[in-house]
Amino acid sequence: MRRLDTGGRLNRSKPLSVSFDGKRLAAFEGDTLAAALLAGGVSPVGRSFKFHRPRGVLSAGVEEPNALVHLREGGRHEPNVPATMVEAFDGLVATGQNAWPSLDFDIGAINDLFSRFLGAGFYYKTFIGPFRHSTRFWMMCERFIRRAAGLGRAALVADPDHYEKRSAFCDVLVIGGGVAGLSAALPAARAGADVMLVEQDFALGGAVLSDPAGGAGDKWVAKARAELEALQNVRVLTRTTAFGAYDGGVYGLVERVADHLKAPDEHQVRQRYWQVHAKRAVMATGAIERPLVFGGNDRPGVMLAGAVRTYLNRFAVLAGENAVVTTNNDSAYQTAIDLARAGAKVTLVDMRENVDADLTRLAREAGVTLLTGHGVLEVKGSRRVTAAAVAPIDARGRAKAAPRLVSVDLIAMSGGWSPTLHLWSQLYGKPVYDAASACFLPTEEDAHRLRAAGIAAAAQTLDEVIEQGFARGVEAASAAGFAGDSGTRPEGFATGPFWPATMSPLWAVFNADGKCRGKAFVDFQHDVKITDIDQAHLEGYVSVEHLKRYTTTGMATDQGKLAGVNALSRMAELRGLPIAQVGTTTFRPPYTPVTIGAIVGHDHGRHFRPTRRSAMHHWHGENGAVMIEAGAWMRPWYYPEPGEDLRAAYIREAAHVRRDVGLVDVSTLGKIAVQGPDAAEFLNRIYVNGWKTLQIGRLRYGVMLREDGFVFDDGATARLGEHDYFMSTTTANAARVLAFAEQLLQTEWTDLRVHVTSVTDQWAAIAVAGPNSRALLTKVTGADLSREALPNNHFTTAEIDGVGVRVHRMSYSGELAYEVYIPAGYGRPVWETLYAAGAEFNLRPYGTESMGALRIEKGHVAGQELDGRTTLKDLNLEGFASKKKPFVGAVLSKRPVLEDPARPSLVGLEIAGAIGAKAGSLLYPATGETKGHGDGWVSSATYSPALGRNIAMGFLKSGKDRIGETIRVVNFLGNETLKAKVVSNHFFDPDGERQNG
Amino acid sequence: MVEALSPLKTVCAPGRYGADGEAGIVLGTRAIRSLWQIAGWADFETAAADLLGVLGLNGLGDYRTARVAGAVTAWRIAPDKVLIEGCGDLTGYGSADLAVLDLSHARTLIDLGGPAARDLLTQIVTVDVRAATFKPGAFLQTGIHGVGVLIHCIGSDDFEIYVPSTWAESLWEVFCENALPHGLLVNGAG
């Protein structure tokens with residue numbers, strides 16, 4: 001292996017510093033890491049998954065199964081990166097993976113000695129028994145097994161880079177920037193269609209890039225590229241892989257914006273995920289060369305023939321001085337000829353007896369030694385190929401005579417090609433087998449909006465590639481509504497032989513007895529040998545889907561790129577069926593691995609989801625509040641004074657409200673405008689209680705059920721005008737209630753002239769609670785808020801600092817209390833005015849924790865009680881339900897199981913002792929075993945400063961009949977049992993004297 | 001009377017952020033003058049005719065094109081709903097056939113401009129915003145980060161985006177973060 005002094009598509013004026021396992025490698029701009037490794041003579045570059053066999057570079061593309069490396073360091077560290085896909089950059093640091101202590105000497109290689117015990121499905125058979133507690137034993141072993149049989153190691157530190165997501169729309173998406181893709185993009189763009197051309201390489205050209213530089217192909221590509229780049233309606237994305245095709249013409253792409261740099265430029269993204277909506281798409285994705293199966297075909301120095309040619313012509317790397325090129329088709333002849341012209345000694349071992357005379361003449365003229373009707377039976381050499389055992393073979397690939405050894409340092413193999421039809425298969429299912437070209441091909445139906453062109457459709461000549469591409473481009477543009485002038489088809493250029501028309505279906509070389517010599521692999525990445533396929537067959541596996549999963553063939557990143565057809569060929573032989581009948585598996589996205597970062601984009605950290613903030617949000621933070629998430633909102637939890645923890649703070653805040661006055665931000669309550677002449681009827685139907693008598697200026701508490709009869713939500717609704725109501729909901733259910741109302745109005749109650757609109761954003765809301773609340777609000781509004789002028793459940797309008805507000809007289813805390821609704825833009829100024837004016841009334845802010853304590857003291861239900869499993873009866877709210885009208889949930893709420901008097905119903909619990917109960921604790925009678933689900937559960941718990949004790953609310957079987965009973969409150973998680981007395985849930989001011997005063 | 005505060009007051013800090021060079025993105029905000037929703041039922045067009053006439057608007061319009069008359073802009077956001085900015089107080093127009101609703105504080109406006117404005121939109125919305133399909137005068141309703149918004153194209157690369165006020169600060173941060181690679185100029189309140 002060596003770098004040639006001339007040739008290639010490298011910028012030799014820009015040398016790069018690249019290191020692998022600490023070894024510095026010479027590289028140039030235009031190189032890949034794999035090219036640098038080959039040029040530097042690095043071998044092995046990886047260790048296999050299961051047997052830890054030494055492996056070298058096999059391919060030059062996304063299909064690489066062996067040269068998987070750790071790339072970069074620190075937060076940018078990335079495992080399992082194919083070295084073939086890593087563009088070299090200055091400062092590139094890569095290391096080997098899945099080996100210890102090093103790639104050269106890997107302890108794990110001992111697995112290779114036990115390979116006969118590690119065959120297909122060995123884990124299904126091995127990791128059971130024989131002990132009584134075998135599961136536990138094997139679970140213990142799992143981490144060791146995983147360490148021995150694994151790939152790369154993920155980074156445990158945060159990724160410092162940014163990723164971006166974009167949506168794009170186009171008329172024609174062309175996937176693949178080779179000759180076929182360019183031929184498709186040109187006519188579509190000329191016709192005026194909006195065209196996106198995406199290419200996973202950093203350069204356009206596809207297979208042309210593997211030809212010697214400066215040829216006719218380069219000129220052809222440059223001309224096409226120049227024309228496309230000059231058109232305004234064309235977007236060309238290189239370093240971009242189309243990894244997924246989805247319904248509706250949606251494609252997932254990942255653009256590696258800065259992967260070719262040591263780090264992204266400041267503020268720039270590393271990768272960009274594109275979601276492309278295309279009216280039509282052309283799949284010009286080429287084909288992937290298949291390996292041949294023979295003993296030791298995984299040894300370093302055995303490579304795909306096309307890759308050998310790519311390294312030679314694109315990267316100026318001669319992968320071997322003494323090569324055997326073995327093939328079943330014509331395409332490898334170009335590799336043999338180019339190697340020979342570069343100075344290598346080449347023996348071409350063609351498995352076919354009859355080969356085109358012109359081709360053999362060209363090969364011989366180049367100095368290639370030709371052996372037809374021969375195959376490579378076995379590779380010699382352990383850490384690197386040293387010789388090939390070459391034998392004459394029959395039509396089934398079986399050796400007809402003893403092999404002879406040919407000394408080599410490189411074996412280039414070509415078992416034919418598999419069209420890259422993954423995207424097509426993701427959309428349209430299984431491709432069909434074409435015996436003539438010995439590969440699976442996409443089918444074509446009228447409804448298909450993605451169609452293949454070129455090598456992806458097994459085109460047999462370059463002219464056919466261009467013809468197909470051009471036709472697909474015209475067709476796609478026309479289907480997208482652009483049937484204008486598409487110009488003329490580009491002329492072709494001279495190129496090497498193609499494979500489809502000339503290949504033999506021979507895929508493996510066997511001994512005369514039909515067995516391979518040594519380990520012959522069909523899947524390099526998973527160490528699946530041909531004997532594993534045989535074993536699966538012996539064990540009765542006949543479905544390709546089962547075969548794949550049992551043997552792991554073609555799984556993980558391979559996704560059938562290399563392993564598919566050879567495994568299927570073996571299965572077909574064993575079953576005595578043609579491959580077409582055996583079939584293939586279905587391809588699924590992604591075609592190549594996609595980083596999680598690209599999928600996530602900016603939607604992580606504080607942008608994992610958007611945050612909702614009230615108009616007073618920043619006041620809370622500026623005044624020491626500890627905030628807490630409440631759904632999408634951030635709410636003030638408590639306002640600690642120096643030295644206070646949560647408990648001390650909320651007890652102080654709750655006591656303060658009962659004694660003086662407090663204010664709390666309740667802007668998060670759902671607020672819905674209900675408008676229209678039938679608004680009262682709408683409320684009548686959606687709430688269990690009646691609304692037709694509610695007068696303007698008054699408000700009423702309401703409860704609504706789901707259709708299944710369980711309680712959905714509650715809240716107060718005010719009648720603002722003849723046809724205008726203002727509904728409030730719980731914070732948690734605001735969106736659900738609105739959606740439910742919309743659904744009913746649009747589908748069930750189309751007879752009602754009602755509109756519902758969220759006004760949660762329009763109104764900030766402040767609850768002012770406590771004995772001094774009236775005095776405070778009277779001072780700032782100047783309004784008459786006396787009991788006579790504004791009784792409970794009434795509202796009035798007023799002004800605070802010139803801002804028109806609405807003052808609702810209602811209480812959640814059980815105190816004399818008001819809710820002030822303010823146009824949101826004035827929310828903070830009004831809050832600050834209230835706060836300043838409240839100094840003389842000893843006003844303090846309070847948070848959600850003390851608000852919860854106050855409502856538990858009062859016995860109000862909240863989200864903990866309205867958990868979707870409770871009925872009106874369970875909540876002691878059945879008295880609210882009207883018997884004079886139908887309402888949502890009325891019928892199903894009468895189901896016998898919901899009427900069962902033994903159902904748990906809401907009770908209060910006075911907890912004995914100094915320790916409070918925990919929500920979720922289970923309730924049991926005072927004596928007896930504490931097994932099963934008990935008699936109920938605790939829903940809410942707090943310390944009550946008003947009562948000076950711990951209290952709770954919960955649901956207890958036959959609760960109403962057990963008032964006065966002492967029960968046990970068991971917290972199994974905390975291993976804690978408390979005693980509690982069952983009481984009414986209305987702990988504080990049960991007659992409502994304070995709130996109505 | 002005290003001054004209304006924008007939800008973006010804390011975060012809309014004028015300055016130059018992100019990548020160097022010409023700022024690809026210009027962000028700002030302005031106060032919404034007045035924003036009302038009018039809604040009706042089967043006879044909506046008739047019920048709204050007088051009001052629309054007073055405002056200088058001719059008919060309800062379609063669902064993709066804003067209607068502009070002087071300082072008044074209207075968007076038909078649903079078959080039976082129109083959102084109107086700059087219309088003053090519409091309280092007096094409410095009736096059994098026409099529901100009027102003040103939403104002036106319910107929305108916050110984000111001004112988006114700059115040569116990369118459309119690129120930024122492709123990063124945060126999943127609808128077609130190409131110049132050929134989303135032209136000046138057009139509007140669309142979509143979601144940004146899961147929050148419903150209305151985007152009005154007012155120039156080749158200029159957009160006014162109406163976002164729910166309680167989400168405004170969070171969405172502003174989403175805009176800014178996505179704008180940094182383009183170079184961001186924040187103009188502040190307009």
Side-chain angles (χ1 to χ4, degrees), chain A residues 162 164-170 194 265-269 272 275 277 601-603 606-607 609-615 617-618 632-633 667-668 673 675-677 721-724 753-755 757-764 799-803 822-830 832-833, chain B residues 1-7 9-10 17-20 31-32 37 39-42 80-81 94-97 99-108 119 121-130 132-133 144-147 164-171 173-174 177-178 180-184:
Chain A
H162 297 286
E164 188 177 280
K165 292 194 280 194
R166 285 201 187 192
S167 291
F169 293 75
C170 65
D194 185 355
D265 293 338
E266 191 177 13
H267 302 299
Q268 299 307 317
V269 298
R272 182 175 292 129
Q275 188 182 71
H277 302 251
H602 289 290
D603 302 343
R606 65 182 179 146
H607 292 309
R609 61 182 181 189
T611 303
R612 216 169 175 185
R613 296 176 173 93
S614 82
H617 174 88
H618 290 290
W633 295 88
S667 304
T668 61
Q675 297 177 292
E722 181 67 23
H723 308 301
D724 287 339
R753 286 157 59 95
V754 174
H755 281 296
T757 307
S758 171
V759 287
T760 304
D761 294 87
Q762 173 71 9
W763 298 97
E799 283 193 357
I800 298 176
D801 278 344
V803 177
I822 313 130
Y826 299 109
R828 177 163 177 165
V830 167
E832 288 174 334
T833 295
Chain B
M1 186 170 169
V2 294
E3 185 185 349
L5 300 179
S6 165
K9 178 178 166 52
T10 319
Y17 306 92
D20 294 334
I32 290 175
Q37 174 184 281
W41 293 272
D80 47 9
K81 286 181 180 172
S95 70
D97 296 321
V100 297
L101 184 63
D102 184 5
L103 295 174
S104 303
H105 293 258
R107 301 287 183 273
T108 298
D119 289 332
L121 285 179
T122 67
Q123 293 167 229
I124 56 179
V125 301
T126 55
V127 291
D128 191 352
V129 293
R130 286 176 293 172
T133 49
I144 295 178
H145 213 17
V147 179
S165 295
T166 58
W167 301 99
E169 185 175 325
S170 193
L171 293 189
E173 290 166 347
V174 169
E177 196 161 315
N178 279 277
L180 294 178
H182 305 286
L184 168 64

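Computed from a predicted model, the values in this text were never measured in an experiment.
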| query | Do A:Pro610 and B:Val174 touch side chain to side chain, with heavy atoms closer than 4.5 Å? | reply | no

| Can you tell me how far CG of A:Asp761 sits from CG of B:Leu103, rounded to the nearest 0.5 angstrom? | 9.0 Å

| said: Counting only non-hydrogen atoms closer than 4.5 Å, does A:Val830 touch chain B with its backbone (N, CA, C, O), its side chain (CB onward), both, or neither? | reply: neither

| remark: Scanning both residues in full, the closest heavy-atom pair of B:Trp41 with A:Pro677 reads CH2-CD, 3.8 Å

| field | Between A:Lys165, A:Gln275, A:Arg609, A:His618, the one whose heavy-atom pairs under 4.5 Å with chain B are most numerous | value | A:His618

| note | Residues B:Trp167 and A:Ala632: closest non-hydrogen pair is CH2-CB, 3.5 Å

| Between B:Thr122, B:Asp20, B:Val129, which residue shows the highest count of heavy-atom pairs closer than 4.5 Å to chain A? | B:Thr122

| said: Let me confirm one number: the CZ-OG1 distance from A:Arg166 to B:Thr126, rounded to the nearest 0.5 Å. | reply: 15.0 Å

| said: Using only atom types and a distance under 3.5 Å, with no angle test, would you say the side chain of B:His105 pairs donor to acceptor with the backbone of A:Trp763? | reply: no

| said: Please identify, among B:Pro7, B:Ala96, B:Ala39, B:Ala168, the residue contributing the most non-hydrogen atom pairs under 4.5 Å to chain A. | reply: B:Ala96

| request: Apply side-chain contact (heavy atoms from CB on, under 4.5 Å) to A:Ser614 and list each qualifying residue two or more places apart in sequence or on a separate chain. | output: A:Met616, A:His617, A:His620, A:Trp633, A:Asp665, A:Ser667

| query | Relative to chain B, which segment of A:Ser758 carries a heavy atom at a distance below 4.5 Å: side chain, backbone, both, or neither? | reply | backbone

| query | With under 30° as parallel and over 60° as perpendicular, where do the rings of A:His607 and B:His145 fit, or are they tilted in between? | reply | perpendicular

| message | For B:Glu3 versus A:Tyr826, what's the shortest heavy-atom pair and its separation? | response | C-CE2, 3.8 Å

| Atom group of B:Val2 that falls short of 4.5 Å from chain A, counting heavy atoms | both

| Distance (rounded to the nearest 0.5 Å) between A:Arg612 CZ and B:Glu169 CD | 14.0 Å

| field | Distance in Å, B:Asp119 CG paired with A:Glu164 CD, rounded so as to fall on 0.5 Å steps | value | 8.5 Å

| query | Top residue by heavy-atom pair count (under 4.5 Å) with chain B, among A:Arg606, A:Glu799, A:Arg272? | reply | A:Arg606

| Step-by-step ring-ring contact (aromatic ring centres under 6.0 Å, His included) determination, B:Tyr17 to A:His267 | CA-CA 9 Å; B:Tyr17 306 92; A:His267 302 299; 9.6 Å; no

| said: I'd like to know if the side chain of A:Gln675 and the backbone of B:Val100 have a donor-acceptor N/O pair within less than 3.5 Å. | reply: yes

| query | What residues form a side-chain contact (heavy atoms from CB on, under 4.5 Å) with A:His162, not counting sequence neighbours? | reply | A:Val269

| task | Determine, step by step, whether B:Asn178 and A:His602 satisfy the side chain to side chain contact (heavy atoms under 4.5 Å, CB included) criterion, reporting the C-alpha distance in whole Å, the side-chain angles of both residues, the deciding distance to 0.1 Å, and the verdict. | result | CA-CA 8 Å; B:Asn178 279 277; A:His602 289 290; 2.9 Å; yes

| message | Looking at B:Lys9, I want to see if its NZ is surrounded by more than 12 non-hydrogen atoms of other residues, nucleotides or ligands under 6.0 Å. | response | no

| task | Below 4.5 Å from any heavy atom of chain A, which atoms of B:Ser165 appear? Answer side chain, backbone, both or neither. | result | both

| request: Compare all side-chain heavy atoms of A:Thr757 with those of B:Lys81 and state whether any distance is below 4.5 angstrom. | output: yes

| If you tally heavy-atom pairs under 4.5 Å against chain A, which of B:Asp80, B:Leu180, B:Asp128, B:Leu121 wins? | B:Asp128

| query | At what distance, to the nearest 0.5 angstrom, does OG1 of A:Thr611 lie from CD of B:Glu173? | reply | 7.5 Å

| request: Answer with side chain, backbone, both or neither: which region of B:Pro164 has an atom nearer than 4.5 Å to a non-hydrogen atom of chain A? | output: both

| Which atom names give the shortest non-hydrogen contact between A:Cys170 and B:Arg130, and what distance separates them? | CA-NH1, 3.7 Å

| field | Under 4.5 Å from any heavy atom of chain B - which part of A:Ala168 | value | neither

| request: Apply side chain to side chain contact (heavy atoms under 4.5 Å, CB included) to the pair A:Gln762 and B:Asp102, showing each step before the final yes or no. | output: CA-CA 8 Å; A:Gln762 173 71 9; B:Asp102 184 5; 3.8 Å; yes

| message | Shorter than 4.5 Å, heavy atoms on both sides: which option in B:Val147, B:Val127, B:Leu171 has the most such pairs with chain A? | response | B:Val127

| said: At a 4.5 Å cut-off on heavy atoms, which part of B:Ser95 comes close to chain A: side chain, backbone, both, or neither? | reply: backbone

